[in-house]
Amino acid sequence: MRMNVFDYIVLTLVIIGAINWGLIGFFRFDLINVIFGNMTLLSRIIYAIVGLCGLYMISFYMRNQEA
């Protein structure tokens, strides 16, 4: 499986999202809220983009089976 630039960007955003969820789970610290505010338009856009990236990562399973 060969990854392109878009795949690396998506993977990076998913990792950032996973780290944020880890911070929430372990320390009740939401880094996105600290940086961008509590459910501001910008923070909601960031959450939505990370969520879409997570959904896109499902395609990695299919691509991995084809290789």
Side-chain angles (χ1 to χ4, degrees):
M1 174 176 82
R2 189 161 197 275
M3 291 177 49
N4 59 32
V5 174
F6 182 73
D7 290 341
Y8 280 109
I9 292 169
V10 168
L11 182 60
T12 301
L13 290 174
V14 169
I15 290 169
I16 290 169
I19 291 169
N20 190 55
W21 276 111
L23 289 171
I24 292 169
F26 288 117
F27 307 112
R28 294 184 181 181
F29 179 76
D30 190 343
L31 186 60
I32 301 298
N33 280 343
V34 170
I35 294 173
F36 299 105
N38 189 14
M39 284 314 214
T40 61
L41 179 61
L42 185 56
S43 67
R44 290 180 65 200
I45 290 170
I46 291 169
Y47 283 124
I49 290 171
V50 171
L52 290 172
C53 289
L55 291 174
Y56 176 76
M57 292 296 291
I58 294 170
S59 72
F60 278 38
Y61 285 115
M62 299 307 209
R63 287 193 267 167
N64 195 23
Q65 290 176 354
E66 293 172 1

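Values reported hereafter were calculated over all heavy atoms of this structure, with side chains retained and with hydrogens, waters and symmetry mates removed. Computed from a prediction, not measured in an experiment: that's the story for all the values here.
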**OP:** If a pair satisfies salt bridge (charged side-chain N to carboxylate O under 4.0 Å, His left out) and one of its residues is in residues 41-52, list it, with sequence neighbours excluded.
**Re:** none
Original post:
Which residue pairs satisfy the salt bridge (charged side-chain N to carboxylate O under 4.0 Å, His left out) criterion with at least one member in residues 5-20, sequence neighbours excluded?
Top reply: D7-R63
Partners of [X] by side-chain contact (heavy atoms from CB on, under 4.5 Å), sequence neighbours excluded?
{"X": "I9", "result": "V5, L13"}
{"X": "V10", "result": "F6, V14, C53, Y56, M57"}
{"X": "Y8", "result": "M3"}

Is there a path of hydrophobic side-chain contacts, each under 4.5 Å between heavy atoms, that joins [X] and [Y]?
{"X": "F27", "Y": "L31", "result": "yes"}
{"X": "I16", "Y": "L42", "result": "no"}
{"X": "L11", "Y": "L55", "result": "no"}
{"X": "F26", "Y": "I19", "result": "yes"}
{"X": "I24", "Y": "M39", "result": "no"}

Subject >> Residue pair G37 / S43: nearest heavy atoms and the distance that separates them >> reply: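 It is O-OG, 3.4 Å.
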Original post:
Is I49 close to L52 at the side-chain level, that is, under 4.5 Å between some pair of heavy atoms?
Top reply: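 The answer is no; the side chains never approach within 4.5 Å.
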Original post:
Could you give the distance from OG1 (T40) to CD1 (I32), rounded to the nearest 0.5 Å?
Top reply: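 Atom-to-atom, T40:OG1 and I32:CD1 are 10.0 Å apart.
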**OP:** If a pair satisfies side-chain hydrogen bond (donor to acceptor under 3.5 Å, both in side chains) and one of its residues is in residues 13-27, list it, with sequence neighbours excluded.
**Re:** N20-D30
